[in-house]
Structures are given as structure tokens and as C-alpha cells.
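Below: the structure, in C-alpha cells.
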Amino acid sequence: MRFRETVMGIPMSIDIRDDRDAAPAAERAFAVLRAADRRFSPYLPSSELSRANAGEHVAQSDDFREVVAVGEAAAHASGGAFRIRRPDGTWDLDGVVKGWAAARAARELAADDLRDYCLNAGGDVVVAGSPGDGALWNVGIRSPHDPAAMLAVLALTDGAVATSGAYERGSHIVDGRDDSPAGGLLSATVIADDLTTADVLATAVFALGADGLHWAIEQGARGVLAMDAAGRILGVGELPFARPAAAG
């Protein structure tokens, strides 16, 4: 069963291969994503994030404090390269929220005893079990040079994959140490046990550049695949390729 919805302005999908009605669980998962959007969207004036950034004195929710804590830990571990505060003091939680929300959504599927599923949140993916016959899930990583081409295809189960790059939204990721646009890499992909970790580390690696690959392994990544500004492929850790990385 496949379910699709646009949340946070991003197409998201849930592919469930368990042999039973999974629609209620999928709806609960999407409800988690919609609730996160209402709380953290920078485009909704009523969101908790927007109100905090507008200077309103709003008591922080448990969810807000959790997201901030994840971001602060990453900022500290990366020496400030990952950031959650802009120079003007407002919150920048983009590097945490999507992965955190999608990881929570995936937990709704697991809590319903679903075993075989893939949740795709705009290219950041959580997989469990198998798509069928014991096969592994294939997770494509888009080429930074061509939206129709794959840099690589990974084959895995029970894990998460997140990619950061500047090829869709431009230079939106900065190196928080000096607030300059991150430019050492064209893309950074992290495999981890959960999508919160994968998403945060992918953003941090992109900000840190090539030095961030081994750092991410120390922070809990299973594997890291990146392309540098010269088009060279860099990889460390476990990289279970179904289709090897393309040449730069």
C-alpha cells in the first residue's frame, strides 16, 4: 500500500508491504508530520517557531525544547559548523526538524507492528524490513549535477538515509563558524540507525566539508558518501551499494 501527501511543502510518501490494512497507521504517521509543520514552519505566522522568532514570549513546548536540544548537541559536537541560531538571534531549525519529524512518523508505523515499510520525506528515507521476498530496499541518491541521474543507489534495511546539498535550494546551508555558505561539498549523504541522526549529521557534514566524513562516523553514522566541489567521490564507513557511485 502506498500513501502520498505534501507536507512542509515537500512530497512525502509511505510504502507499506505488510499484508494487512495499514491505512490507519499511515494516517497517524502523516498526522505527526502535519503537526510538526504547524509547530515549526517558518512560513506560518501562527507556528511556535514563527512566534518565537517574532519576539513573542511563548512558553516552549516539549517538542520545541527537544528539537533545540538535538540542534545544540550537533552545534557543540561540530565546533559550531552546524547552527540553530542566526546572527540576528532568531532560530534556524531547518537542519533538525524534517528528519526529527519523519523519524517520529516512522515510529508510528513501528508502533502498529508494521515490519516492512519505506517512509520517504523528500528524499530522506527510513526503511524497515523488506519490499518483498527478503530483498533489501533500494535508496537512490540524486546526482548533484543532474536531477534525472543517480549518484549511487544504496541497498539496506532497518535504517535511515539523509542527503544535504545546495542543488535544489541554493546555498542555504552555512558554516556556522563564520556564517559563510558551505562550499566544500556538492552533496553529503549519511546512513544511520534513525533519521534524526542521519539528517542532522548530513547537514553538519555539508557544513564541515571533507573533514566532516570521519567526524560523522564518530557521531553515530554508519556510513557517509559525499561528492566534493571537484566532483570527486568520498566515502567512509558502511556503504551498501546496489549501484556504485558514479564518477564525478
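Just so it is clear, the values below take in all heavy atoms, side chains as well, and ignore hydrogens, waters and symmetry mates. Because the structure is predicted, anything quoted here is derived from the model rather than measured.
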Can you confirm whether Arg51 sits close enough to His57 that some side-chain heavy atom of one is under 4.5 Å from a side-chain heavy atom of the other? no

Is a side-chain donor-acceptor pair under 3.5 Å present for Ser164 with Thr203? yes

State the OG1-CG distance between Thr189 and Leu234, to the nearest 0.5 angstrom. 11.5 Å

Evaluate the side-chain proximity of Met150 to Ser143: yes if any heavy-atom separation is below 4.5 Å, no if none is. no

Out of Asp18, Asp21, Asp19, which one pairs with Met1 under the side chain to side chain contact (heavy atoms under 4.5 Å, CB included) rule? Asp21

Decide, yes or no, whether a salt bridge links Arg20 with Asp112 under the criterion of side-chain N to carboxylate O below 4.0 Å. yes

Nearest atoms (heavy-atom pairs only) where Cys118 meets Val127: SG-CG1, 3.9 Å

Might you work through the side chain to side chain contact (heavy atoms under 4.5 Å, CB included) test for Arg28 and Arg107, ending with a clear yes or no? CA-CA 10 Å; Arg28 288 193 294 273; Arg107 288 203 293 270; over 6 Å; no

Is there a side chain to side chain donor-acceptor pair (under 3.5 Å) between Asp63 and Ser61? Walk through the geometry before answering. CA-CA 5 Å; Asp63 287 350; Ser61 65; 5.4 Å; no

Ignoring hydrogens and geometry, is there a side-chain-to-backbone donor-acceptor pair from Asp133 to Ala135 under 3.5 Å? no

Can you check whether Pro240 reaches Ile191 side chain to side chain, under 4.5 Å on heavy atoms? yes

So, are Glu238 and Arg222 salt-bridged, with charged N and O less than 4.0 Å apart? no

Nearest-0.5 Å distance that lies between atom CG in Asn53 and atom CG in Asp88: 7.5 Å

Main chain of Ser130, side chain of Thr157: is a donor-acceptor contact present, judged purely on distance under 3.5 Å? no

Would you check if Arg243 and Leu154 make a side-chain contact, meaning some heavy-atom pair closer than 4.5 Å? no

Would you say the side chain of Lys98 lies within less than 4.5 Å of the side chain of Asp199, judging by non-hydrogen atoms? yes

Are the side chains of Pro144 and Met227 in contact, using a 4.5 Å heavy-atom criterion? yes

Trp91 six-ring face occupied by Arg85 cation (under 6.0 Å, within 45°): yes

Do the side chains of Leu195 and Val190 join up, straight or via other hydrophobic residues, at under 4.5 Å, putting them in one cluster? no

Ile217, Val200: one ILVMFWY side-chain cluster at the under-4.5 Å cut-off? no

Are more than 12 heavy atoms from other residues, nucleotides or ligands located less than 6.0 Å from atom CZ of Arg115? no

Go through the steps to decide whether Val70 and Thr196 satisfy the test side chain to side chain contact (heavy atoms under 4.5 Å, CB included), and finish with yes or no. CA-CA 9 Å; Val70 170; Thr196 304; 4.0 Å; yes

Salt bridge or not for Asp179 and Arg83, using N-O below 4.0 Å? yes

Do the side chains of Asp92 and Ile84 get nearer than 4.5 Å, heavy atoms only? no

Taking every non-hydrogen atom, the tightest pair across Ile14 and Ala26: CD1-O, 4.0 Å

Is it the case that the side chains of Thr197 and Asp194 hold a donor-acceptor pair, with the cut-off being a distance below 3.5 Å and no angle test? yes

For the residue pair Ser187 and Leu151, what are the closest heavy atoms and their distance? OG-CD2, 3.9 Å

Shortest non-hydrogen pair, Val224 vs Ala221, comes out as CG2-CB, 4.1 Å

Could you pull out the closest heavy-atom pair between Pro45 and Ser50, with the gap in Å? O-CB, 3.7 Å

Are Phe241 and Leu136 co-members of a hydrophobic cluster defined by side-chain heavy atoms under 4.5 Å apart? no

Out of curiosity, Trp137 CH2 to Tyr117 OH, how far, rounded to the nearest 0.5 Å? 10.5 Å

Let me check something: do Val96 and Leu119 share a hydrophobic cluster, defined by ILVMFWY side-chain heavy atoms less than 4.5 Å apart, either directly or through other members? yes

Single-linkage hydrophobic cluster, 4.5 Å side-chain cutoff, Val67 and Met8 together: yes

Quick one, Glu72 with Arg65, criterion salt bridge (Lys or Arg N to Asp or Glu O under 4.0 Å). Give me CA distance, side-chain angles, the key distance, then yes/no. CA-CA 10 Å; Glu72 286 179 338; Arg65 287 195 294 269; over 6 Å; no

What do the steps show when you test Ile233 against Leu225 for side chain to side chain contact (heavy atoms under 4.5 Å, CB included), and what is the final call? CA-CA 7 Å; Ile233 303 296; Leu225 178 70; 3.6 Å; yes

Going by an N to O cut-off under 4.0 Å, is there a salt bridge joining Arg177 and Asp175? yes

Asp15 side chain near Phe3 side chain, heavy-atom distance below 4.5 Å: no

Once you measure the plane-to-plane angle for Phe40 and Phe64, does it fall in the parallel (<30°), tilted (30-60°) or perpendicular (>60°) bin? parallel

Partner set under side-chain hydrogen bond (donor to acceptor under 3.5 Å, both in side chains) for Arg4, not counting sequence neighbours: none

Has Asp116 got a side-chain atom pairing as donor or acceptor with Ile16's backbone, closer than 3.5 angstrom? no

Whether the side chain of Thr90 engages the backbone of Arg86 through a donor-acceptor N/O pair (distance < 3.5 Å, no angle test) should be reported. no

Looking at every non-hydrogen atom in both residues, tell me the closest pair between Ala106 and Val126 and how far apart they are. CB-CG1, 3.9 Å

Under 3.5 Å, sequence neighbours excluded: what are the donor-acceptor pairs made by side chains of residues 30-38?
{"from": "Arg34", "atom 1": "NH1", "to": "Glu5", "atom 2": "OE1", "distance (Å)": "3.0"}
{"from": "Arg34", "atom 1": "NH1", "to": "Glu5", "atom 2": "OE2", "distance (Å)": "2.7"}
{"from": "Arg34", "atom 1": "NH2", "to": "Glu27", "atom 2": "OE2", "distance (Å)": "2.4"}

